[in-house]
Number of protein chains: 2
Amino acid sequence: MNARHPVDAVRDSLAAPALYEQVAERLRTRIYAHELAPGAWIDEQGLADEFGISRTPLREALKVLAAEGLVVLKPRRGCYVAALAERDLDEIFPILALLEGRVAEEATRRLAGLEAGVGRLASADFSRLEEIHADLERHAAAHDIDRFFATNQQFHSALQELAGNRWLSQLIDDTRKFLKLTRRDSLRLDGRLKQSLAEHRAILAAMKKQDAAAAALHMHNHILSGRAALAKLLVQP
Amino acid sequence: MNARHPVDAVRDSLAAPALYEQVAERLRTRIYAHELAPGAWIDEQGLADEFGISRTPLREALKVLAAEGLVVLKPRRGCYVAALAERDLDEIFPILALLEGRVAEEATRRLAGLEAGVGRLASADFSRLEEIHADLERHAAAHDIDRFFATNQQFHSALQELAGNRWLSQLIDDTRKFLKLTRRDSLRLDGRLKQSLAEHRAILAAMKKQDAAAAALHMHNHILSGRAALAKLLVQP
DNA sequence: CTGAATAATACTGTATCCATAATTATGAAT
DNA sequence: ATTCATAATTATGGATACAGTATTATTCAG
């Protein structure tokens, strides 16, 4: 029962994640929800008591979050939730635009079957993307911003899968994490929903025409457009 | 990493790094040197004894390295050094090309003073880059590959500083870390030194002409060219 | 001699404990 | 009353101890 069965892979995925990982996840949730606000000090003992665990796994979790950049560890002075400045947003969004643009480009190329090595994608994969977009249109019509937000994430994730570049996806996810630190949400801005949809349509149209460069450009602009909307939110929240 | 008071930075830099950080650094060194080879199991107790410390800080260091991607933590089964597949290289290099291309672009724009917000760079900053390149030329002429390698890193670092985008730099550094896992070094390939120099010259020339797009393109090709060289090394090392 | 079942071992994950550095509170002196 | 020095408190960093699980070794049956 201990030889290398294929079942092992399953068991690994089913195995309960280590405590420090669960704790890290709970902390991430709290940070994103601003229950632990940016800049706030993190009380190790307090949280450990609250979670009903010892400080050891909690500290390991904090090390992980620190490596991710969600918290900063000041030697001998404790742990603080990271805080983003406006300048950080100005630096992050263009990078995200670059990366997501690249995703759109690679996804389109794979759809067109131009990519060397990796196989050509079935048109069913693209249909899936169109379905998600259809959902988006529905949520927008219903002014259901929360569902729109969730589905929007799905859209970008699905596109990342189409691109099939794990490293690229990783970088994007890493980068997006920081944006979650600012809980401002450009989607609530008047007209932003409609604008966002139009941008998505442009991306999809370019992909359908198998114009990778255009898809990249539209995605690039889409992300920057999100930044611009966020900036408006700053002066009038 | 964000908007800290200058005083904090000083105090932080003077404070001795926590033990787990020192350990993480030592482990990185060993991993890069392949003393801990890709795929190898990491013996916590053994290393702790060797370093003369307990398992606690060592484990914290491993958590950090895991978050960085240098090692993988298998629950209940220990820690293993990460191993890159050829496919990973194929995915990483284009991303690096994208990011470093962007660095060249932003640096050039700042030199040209076209960037909004951030100040125009002095020509002295560009001279510094040219000096480093001159060093490179010398090391190449002397066939001193080790110094060339080190100075080459300086070149790219200096360029990143000119671009002045901390997040972009961070992503690049994070990405380059993985490449150090494969100890193959394209610079040792016949003719690669000369080729690399020529590519650098093209980048510098574009920057001097304040042609940001061209600078980006040349840098992009420079990185991909490095990948191509590496590929040759695979069949004949 | 081979393979399975079981016992022994080793390692991971977590909790507890201790030492040291940092912060706050207290008190004296100007 | 304010400021500086010193003491008390608290939190962090690290070591050690222990429990639970995976791996390896051993034994026994076929």
Side-chain angles (χ1 to χ4, degrees), chain A residues 1-27 30 36-37 39-67 70-82, chain B residues 4-5 7-27 30 36-37 39-67 70-82:
Chain A
M1 187 61 89
N2 35 21
R4 315 293 314 155
H5 277 141
V7 182
D8 283 349
V10 175
R11 183 173 48 183
D12 280 355
S13 65
L14 289 183
L19 187 52
Y20 83 91
E21 253 306 339
Q22 303 177 40
V23 171
E25 192 52 39
R26 290 181 72 172
L27 287 177
R30 290 210 178 186
L36 293 170
W41 173 66
I42 293 179
D43 180 1
E44 290 183 2
Q45 190 62 61
L47 278 176
D49 291 346
E50 190 180 332
F51 289 169
I53 59 173
S54 79
R55 273 177 57 223
T56 308
L58 184 86
R59 282 178 54 192
E60 291 181 348
L62 289 179
K63 298 292 180 296
V64 172
L65 295 188
L70 246 45
V71 301
V72 284
L73 252 35
K74 304 188 179 182
R76 285 274 162 207
R77 300 194 48 185
C79 184
Y80 297 80
V81 180
Chain B
R4 288 190 317 212
H5 206 267
V7 177
D8 289 341
V10 173
R11 185 164 44 180
D12 283 356
S13 66
L14 288 182
L19 187 51
Y20 84 92
E21 254 304 341
Q22 302 178 40
V23 171
E25 193 51 39
R26 290 182 73 171
L27 288 176
R30 289 210 177 186
L36 292 171
W41 172 66
I42 293 179
D43 180 2
E44 290 183 1
Q45 190 62 63
L47 278 176
D49 291 346
E50 190 180 333
F51 289 169
I53 59 172
S54 79
R55 277 177 55 226
T56 308
L58 186 84
R59 282 172 57 86
E60 291 179 348
L62 289 178
K63 298 290 180 295
V64 172
L65 295 188
L70 246 43
V71 302
V72 283
L73 253 35
K74 303 189 180 179
R76 290 271 163 210
R77 302 193 52 183
C79 184
Y80 296 80
V81 180

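Here is the naming used below: chain letters follow the sequence lines, and residue numbers restart at 1 for every chain.
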Roughly, in whole Å, what's the span from [atom1] in [X] to [atom2] in [N]?
X     : N      : atom1 : atom2 : result
B:L19 : C:dA21 : CG    : P     : 14 Å
A:D49 : C:dA15 : CG    : C1'   : 13 Å
A:R77 : D:dT10 : CZ    : P     : 19 Å
B:Q45 : C:dT9  : CD    : P     : 18 Å
B:K74 : C:dC11 : NZ    : C1'   : 15 Å

Query raised in the report: What nucleotide, of D:dA15, C:dT12, C:dA22, holds the atom closest to the side chain of B:R76?
Result: C:dT12
Report task. With the side chain of A:E44 defined as its heavy atoms from C-beta on, choose the nearest nucleotide among D:dA22, D:dT12, C:dT12. Result -> D:dT12
Report summary line: Rounded to the nearest 0.5 angstrom, the CZ-CG distance for A:R55 and A:L62 is 10.0 Å
Query raised in the report: Distance from B:L73 atom CG to A:E21 atom CD, nearest 0.5 Å?
Result: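 Output value for this atom pair is 9.0 Å.
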Requested in this report: Please list residues of residues 51-67 of chain B whose heavy atoms come under 4.0 Å from any atom in DNA chain C, ordered by number; otherwise none.
Outcome: B:R55, B:R59
Query - Pair B:L47-B:V23, side chain to side chain contact (heavy atoms under 4.5 Å, CB included): steps then yes or no - result: CA-CA 10 Å; B:L47 278 176; B:V23 171; over 6 Å; no
Query raised in the report: Can you check side chain to side chain contact (heavy atoms under 4.5 Å, CB included) on B:L27 and B:F51, steps first, answer last?
Result: CA-CA 11 Å; B:L27 288 176; B:F51 289 169; 4.3 Å; yes
Query raised in the report: Distance check: side-chain N/O of B:W41 vs OP1/OP2 of C:dT12, anything under 4.0 Å?
Result: yes
Of all heavy-atom pairs between [X] and [Y], which one has the smallest distance, and what is that distance?
X     : Y     : answer
A:A61 : A:A24 : CB-N, 3.7 Å
B:Y80 : B:G39 : CD2-O, 3.6 Å
B:W41 : B:R77 : NE1-O, 4.1 Å
B:A67 : A:A67 : CB-CB, 3.4 Å

**Report entry** Watson-Crick or G-U stems of DNA chain D, 3 or more pairs, under 3.5 Å, by first number
**Finding:** C:1-30 with D:1-30
Query raised in the report: If you look at every strand shown and take non-hydrogen atoms under 4.0 Å, does A:I42 touch a base, only sugar-phosphate, or nothing?
Result: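 Sugar-phosphate only.
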Requested in this report: Please step through salt bridge (charged side-chain N to carboxylate O under 4.0 Å, His left out) for the pair A:R30 and A:E50, ending with a clear verdict.
Outcome: CA-CA 13 Å; A:R30 290 210 178 186; A:E50 190 180 332; 2.5 Å; yes
